[in-house]
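Worksheet: one structure, shown below.
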Amino acid sequence: MNAKVHELLNQQVNKEFYSAYLYLDFSNYFKDNDLDGFANWYLIQAQEERDHAMLFYTYLQNEDASVTLDAIARPDVALDSHMTVLEAGLAHEKYVTSLINDIYAAAYEDRDFRTMQFLDWFVKEQGEEETRARDMIAKMKLFGSDPRSLYLLNQELAARVYAAPTLVL
């Protein structure tokens with residue numbers, strides 16, 4: 001595996017674990033604000049991000065490439081309103097998409113077709129993640145100022161259950 005691709009993949013392991021920390025922080029915010037459904041939604045997001053980290057970790061190991069685990073930074077997003085949290089979530093997903101695209105570009109440049117194939121799932125996943133984040137913002141704009149509607153939205157989000165990724169390595 002090309003050294004640049006290896007480095008970017010390894011960095012992504014840590015970035016995905018950071019994403020899990022960030023979403024746990026979001027979950028805490030909503031729990032502290034008595035919105036257990038939103039807290040559940042972000043708790044599941046954190047589980048997904050942890051699993052994404054493990055997919056990168058496993059891929060590197062399967063490719064006989066070393067994995068270096070770095071310290072995971074504390075989330076530093078100011079969580080001062082429901083909308084701020086949701087907008088930070090969308091901004092973060094766009095950032096992760098850019099990271100995946102950078103890895104893909106490096107793999108493409110090196111003609112590393114196996115890594116490109118591995119990343120195809122993440123490219124699709126990031127499109128879905130950004131769409132979900134935009135949907136959350138749209139729903140909050142529509143319903144967030146009405147307590148009854150916010151209650152119903154919270155109930156909808158409370159029904160979300162975790163589904164492990166279906167990527168085959």
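FYI, the numbering just counts along the sequence from 1.
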**Report entry** Derivation of the side-chain contact (heavy atoms from CB on, under 4.5 Å) call for L86 and K139
**Finding:** CA-CA 10 Å; L86 300 179; K139 287 179 180 181; over 6 Å; no

**Report entry** Cluster overlap Y18 with L79, hydrophobic side-chain contacts below 4.5 Å
**Finding:** yes

Query raised in the report: When rounded to the nearest 0.5 angstrom, what is the spacing between OG1 in T131 and CE in M136?
Result: 13.5 Å

Query - Side-chain touch F143/N154, heavy atoms, less than 4.5 angstrom - result: no

Query raised in the report: How far apart are the C-alpha atoms of L153 and E156, what are their side-chain angles, what is the distance that settles it, and do they pass the side-chain contact (heavy atoms from CB on, under 4.5 Å) test?
Result: CA-CA 5 Å; L153 179 56; E156 175 186 320; 4.2 Å; yes

Query - Least distance between heavy atoms, L22 atom then H92 atom - result: CD2-CG, 3.5 Å

Query raised in the report: Do any N or O atoms from the side chain of H6 and from the backbone of S66 form a donor-acceptor pair under 3.5 angstrom?
Result: yes

Query raised in the report: Any chance CG of D32 has more than 12 other-residue heavy atoms, nucleotides or ligands included, within less than 6.0 Å?
Result: yes

Query - Rounded distance (nearest 0.5 Å) linking atom NE2 of H82 with atom CG of N33 - result: 5.5 Å

Report task. Could you state whether L24 and M54 fall into the same hydrophobic cluster, counting links through intermediate Ile, Leu, Val, Met, Phe, Trp or Tyr residues with side-chain heavy atoms under 4.5 angstrom apart? Result -> no

Query - Atom pair CG/CE of L60 and M1 - distance to nearest 0.5 Å - result: 5.5 Å

Requested in this report: Taking side chain to side chain contact (heavy atoms under 4.5 Å, CB included) as the test, write out the residues that go with E109, two or more places apart.
Outcome: none

Report task. Examine distances only and state if a side-chain atom of S149 and a backbone atom of S145 form a donor-acceptor pair shorter than 3.5 Å. Result -> no

**Report entry** Validation row: R74, Y21 side chains within 4.5 angstrom (heavy atoms)
**Finding:** no

**Report entry** Nearest atoms (heavy-atom pairs only) where A106 meets L8
**Finding:** CB-CD1, 3.8 Å

**Report entry** Derivation of the side-chain contact (heavy atoms from CB on, under 4.5 Å) call for E87 and M140
**Finding:** CA-CA 10 Å; E87 289 171 344; M140 182 60 77; over 6 Å; no

Query raised in the report: Say you draw a straight line from CG of L119 to CD of E125; how long is it, rounded to the nearest 0.5 Å?
Result: 13.0 Å

Requested in this report: Check F118 against L55 and note the closest heavy-atom contact, atom names and distance.
Outcome: CZ-O, 3.7 Å

Query raised in the report: Do other residues, nucleotides or ligands put more than 12 heavy atoms under 6.0 Å from R114 CZ?
Result: no

Query raised in the report: Does N40 reach the main-chain N or O of A159 with its side chain, forming a donor-acceptor pair under 3.5 Å?
Result: no

Query - Approximate separation, where rounding is to 0.5 Å, of Q155 CD and L150 CG - result: 10.5 Å

Report task. With sequence neighbours excluded, tell me which residues meet side chain to side chain contact (heavy atoms under 4.5 Å, CB included) with A133. Result -> L90

Requested in this report: Would you kindly confirm whether I103 and L69 end up in one hydrophobic cluster when ILVMFWY residues are joined by side chain heavy atoms under 4.5 Å apart?
Outcome: yes

Query raised in the report: Which residues satisfy the ring pair (Phe, Tyr, Trp, His ring centres under 6.0 Å) test with F38, sequence neighbours excluded?
Result: F30

Query raised in the report: Where the side chain of E93 meets the backbone of Q126, is there a donor-acceptor pair that is under 3.5 Å apart?
Result: no

Query - Minimum side-chain heavy-atom gap F17-R50 below 4.5 Å - result: yes

**Report entry** Side-chain donor or acceptor of N2 paired with backbone N/O of K4 under 3.5 Å
**Finding:** yes

Query raised in the report: Are L43 and V77 connected, step by step, through hydrophobic side chains (Ile, Leu, Val, Met, Phe, Trp, Tyr) whose heavy atoms are closer than 4.5 Å?
Result: no

Query raised in the report: Do the side chain of Y23 and the main chain of W41 share a donor and acceptor less than 3.5 angstrom apart?
Result: no

**Report entry** Shared hydrophobic cluster, Y151 / L35 (ILVMFWY, side-chain heavy atoms < 4.5 Å)
**Finding:** no

**Report entry** Salt-bridge contact R132-E129 (side-chain N to carboxylate O under 4.0 Å)
**Finding:** yes

Report summary line: In terms of heavy-atom contacts, Q61 and V67 come closest through CG-CG2, 4.1 Å

Report summary line: What one should report as the nearest heavy-atom pair of A39 and K31 is CB-N, 3.8 Å

**Report entry** Pair Y104, D120: side-chain N/O donor-acceptor within cut-off below 3.5 Å
**Finding:** yes

Query - Ring centre gap for F56 and F122 strictly below 6.0 Å - result: yes

Report task. Give the intermediate values and the outcome of side-chain hydrogen bond (donor to acceptor under 3.5 Å, both in side chains) for residues E16 and Q12. Result -> CA-CA 6 Å; E16 296 290 342; Q12 194 63 30; 2.8 Å; yes

Report summary line: Separation between CD1 (I100) and CG (L9), nearest 0.5 Å, reads 8.5 Å

Query - Where N14 and D70 come nearest, the two heavy atoms and their spacing - result: OD1-N, 2.9 Å

Query raised in the report: Does the side chain of W121 come within less than 4.5 Å of H52's, by heavy atoms?
Result: yes

Query raised in the report: Under the 3.5 angstrom rule, does the side chain of Y59 hit a backbone N or O of T115 as a donor-acceptor pair?
Result: yes

